[in-house]
Amino acid sequence: MNPEIQIYLDGNLVPASQAKVSVYDHGFLYGDGVFEGLRIYNRRVFRLDAHLERLYRSAKAIWLDPPLSQSEMRSAIEKTVAANKLENGYIRTIFSRGFGDLGLDPRKCPKPTTVIIADAIKLYPAEVYEEGMECITVATRRSRPDVLNPAIKSLNYLNNILAKIECIRAGVPECIMLNDAGLVAECSGDNIFIVHEDLRGRRELRTPPVSAGILEGITRDAVMELAESLGIPCVEKNMSLFDLYAAKEAFLTGTAAEVVPVTRLDMREIGDGKPGEITQKLMSAYSELRNSEGNPAF
Ligand code: PMP
């Protein structure tokens, strides 16, 4: 944490060392709130509107009425980026239920807390982008959508953290999480794609549908859009682990991770164990897109 960074907290920009939230905030007491993670490339906030849309959708799903309109939040994010003169970095936005009492009742929290942090980001080491990443399938299943829907980007990330701990203990950076039906859902903090080849040698991209119980990733969406413009067929389709083990290529997508080739899963090689041709094409198309899209925030 850089104490000099200016944090947006409930309408004011304050130095990080003074940006404090109450222990009675229900975001802290209960994980009651929603968040987003965004990236800044060349002073531009990547896909800001899509992130705002998802943030406000998540808020609506948990009956949280943000204290700022979507366009006010847009300005607040840009103001925070500009105040920190951040050319490249990461933004975390949070709406928590706010200060309340020790009970669950959100009516005791008169005003949601708004936080915007714009800071540097540490990516995976360069080798994983060049050589590919190893993943495992974890025992922790992704939350059932009818219990706590993964489409809501809520502050309640314990399900993902338990999966992350399994990754750490296995010595790998990411994992595959299955849903309650045993189908592939997503990673602990990323979405998953494969390149499937049919018996006649035709290849297509496949990624689980949102109905499998996943977060509708903004990087996922950008990659699907890029695939379309590059003429690579792409379908949202339920998959089993067999489909992943038999895939020609696999990669994961996320705001922080971007596009990462997955070359080993559960001690098996994916394809020939090297980042595939379609994966590499999409990696470079994505880096071109993120460097050119949008307007500078300052
Ligand atoms: N799934 C989960 C569980 C996530 O937390 C994230 C974001 N880190 C993603 C997928 C990827 O979404 P996005 O591309 O919007 O960052």
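Atoms within a ligand are numbered from 1 in the order they appear, just like the ligands themselves.
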For residues 252-262, which side-chain donor-acceptor pairs fall under 3.5 Å, sequence neighbours excluded?
residue, atom, partner, partner atom, Å
Glu258, OE2, Tyr41, OH, 2.5
Glu258, OE2, Arg290, NE, 2.7

Practice task
Verify the ring-centre separation between Phe28 and Phe99: is it less than 6.0 angstrom?
Solution key: no

Handout entry: Contacts of His51 that satisfy ring-ring contact (aromatic ring centres under 6.0 Å, His included) - sequence neighbours left out
Key = none

Handout entry: Aromatic ring proximity Tyr157/Phe35, centre distance under 6.0 Å
Key = yes

Fill in the blank from the handout: By chain and number, the residues contacting ligand 1 below 4.0 angstrom (heavy atoms only) are Arg54, Arg142, Lys153, Tyr157, Asn160, Glu186, Ser188, Gly189, Asp190, Asn191, Leu215, Gly217, Ile218, Thr219, Thr253, Gly254, Thr255

Practice task
Output yes when Glu293 and Arg44 qualify as a salt bridge under the 4.0 Å nitrogen-oxygen rule, no when they do not.
Solution key: no

Exercise for the section: Not counting sequence neighbours, which residues clear side chain to side chain contact (heavy atoms under 4.5 Å, CB included) with Arg141? List them please. Expected result: Leu178

